[in-house]
2 protein chains.
Amino acid sequence: MLEIMDEIVIPDSIRCELEGKGGIAGISGLLPDDLKIEAIVSVARALSDPMRLRVLFALSLQPMCVCLLVAMTGYAYSKMSYHLSVLKESGLVCSRQEGNYLIYYTTDLGKKLVEWIETF
Amino acid sequence: MLEIMDEIVIPDSIRCELEGKGGIAGISGLLPDDLKIEAIVSVARALSDPMRLRVLFALSLQPMCVCLLVAMTGYAYSKMSYHLSVLKESGLVCSRQEGNYLIYYTTDLGKKLVEWIETF
DNA sequence: TTGTGGTTTCAAAGAGGTTTGAAATAGGTT
DNA sequence: AACCTATTTCAAACCTCTTTGAAACCACAA
């Protein structure tokens, strides 16, 4: 089987190091599979908005109903609801019903992530 | 000073717990400041694309010139260049010049992140 | 200096995420 | 049932990110 490496020109320093690792095929074989990549992308996208980050951090300190989050941030219900759904779909938060209220709180993944981010 | 909490209706369970934490103001005071939030958002956005994630993981295994990344992925130069610039601006990768080549490699932050992601 | 190969930049088109306000849903009360 | 309140859903407008191909840039060699 012909490696692409044999056909393209790259600096010697890199060619040597790369060959020791099995070439392009060797590196490619060590990369996360598509499923894992998509899972990471989903979490990263959920974190890539200032408002969602604040909500996630707030929820990690205290479970809250939507009206409380709305009061805290000044955002519209529909907006908050949209962002909560993104956080929920990525597995960072979940919710339980209490009477007329929906109480959102962080999942274990959400907690772990917040803790890790705080170590920076 | 009047707390918003006194004016809105929320479940008692949450009101009690929240009051013990200083109310909305107490929680808000514990949230990361805008600068930190923006830094996290920048990193999260960089990670929120499958191609960039693969490139970041590949670079964590082996420094590579752009032509090698192009050969490995089959993407166009301009596309790769764009994604590398996003990774670079978020501080996950950096580059050094070697003759005619630009060698990209992961920063300490990039390495730490890859390692942490791999623990999942 | 002219040429060549690696890489970036640019503008326009395309795709995808976010905001908005109005309408719908759903639990609880009267 | 009718009603209120908390929350979600929807579609359209809006905005940001990504892709594309052509042109520009830069280091090196002849």
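The structure displayed is predicted, hence computed values, not measured ones. What's counted below: heavy atoms across the whole structure, side chains too, no hydrogens, waters or symmetry copies. Below, read A as the first sequence line, B as the second, and so on, with proteins coming before strands; counting in each chain starts at 1.
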Of the non-hydrogen atoms in [X] and [Y], which two are nearest, and what is the gap between them?
X	Y	answer
B:L47	B:L53	O-CG, 3.4 Å
A:E118	A:F57	OE2-CE2, 3.8 Å
B:I103	A:P11	CD1-CG, 4.0 Å

Checklist entry - For the side chain of B:V86, counting heavy atoms from C-beta on, which of D:dT18, C:dT19, C:dT7 is nearest? => result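 Selected nucleotide (nearest to the side chain): D:dT18.
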
Item to check | Side chain of B:C65 - closest among C:dT18, D:dT19, C:dT7 | outcome: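 Selected nucleotide (nearest to the side chain): C:dT7.
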
Next on the checklist: I want to check one thing: is the phosphate of C:dG17, taken as OP1 and OP2, less than 4.0 Å away from some side-chain N or O of A:H83?
Outcome noted: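 Checking A:H83 against C:dG17: no side-chain N or O falls below 4.0 Å of OP1 or OP2.
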
Checklist entry - Are any of A:R45's side-chain N or O atoms less than 4.0 Å away from OP1 or OP2 of C:dG16? => result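 Indeed not, no polar side-chain atom of A:R45 lies that close.
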
Checklist entry - With a 4.0 Å cut-off on heavy atoms, is A:Y77 in touch with a base, just the backbone sugar-phosphate, or nothing at all? => result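 Answer is base: heavy atoms of A:Y77 come under 4.0 Å of a base.
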
[X] [atom1] - [N] [atom2] separation (whole Å):
X	N	atom1	atom2	value
A:E98	D:dT7	CD	P	11 Å
A:L87	C:dG17	CG	C1'	14 Å
B:Y101	C:dT4	OH	C1'	12 Å
B:L102	D:dC26	CG	P	12 Å
B:I8	D:dT5	CD1	C1'	13 Å
A:M80	D:dT9	CE	P	16 Å

Checklist entry - Under 3.5 Å, side chain of A:S95 to main-chain N/O of A:L102, donor-acceptor pair present? => result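 It does not hold such a pair.
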
Checklist entry - Between B:R52 (side chain) and B:R45 (backbone), is there a donor-acceptor pair under 3.5 Å? => result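 A pair under 3.5 Å: yes.
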
Can you check nucleotides 20-26 of chain C for protein contacts, nitrogen or oxygen pairs under 3.5 Å, and list what you find?
unit_1	atom_1	unit_2	atom_2	d
C:dT20	OP2	A:K79	NZ	3.2
C:dG21	N7	A:S78	OG	3.4
C:dG21	O6	A:S78	OG	3.4

Next on the checklist: Between the side chains of A:K21 and A:E17, is the shortest nitrogen-to-carboxylate-oxygen separation below 4.0 Å, so that they form an ion pair?
Outcome noted: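 A:K21 and A:E17: salt-bridged.
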
Checklist entry - With the threshold set at 4.0 Å, does a side-chain nitrogen-carboxylate oxygen contact exist between A:E19 and A:R15? => result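 Yes, this pair counts.
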
Item to check | Axis-to-axis angle between the two ends of the helix from C:dT1-D:dA30 to C:dT30-D:dA1 (five base pairs per end, rounded to 10 degrees) | outcome: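 Here the helix ends are tilted 10° relative to one another.
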
Checklist entry - Side-chain contact, heavy-atom cut-off 4.5 Å: A:L92 with A:T106? => result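 Side chain of A:L92 against side chain of A:T106, heavy atoms only: no contact under 4.5 Å found.
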
Checklist entry - With nearest nucleotides of DNA chain C determined for B:K88 and A:D49 from heavy-atom distances, which residue corresponds to the more 5′ nucleotide? => result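 Checking each residue's closest nucleotide, the 5'-ward one belongs to B:K88.
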
Checklist entry - What do you reckon, is CG of A:D33 surrounded by more than 12 foreign heavy atoms closer than 6.0 Å? => result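 Yes - once you tally the heavy atoms of other residues, nucleotides and ligands closer than 6.0 Å, there are more than 12.
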
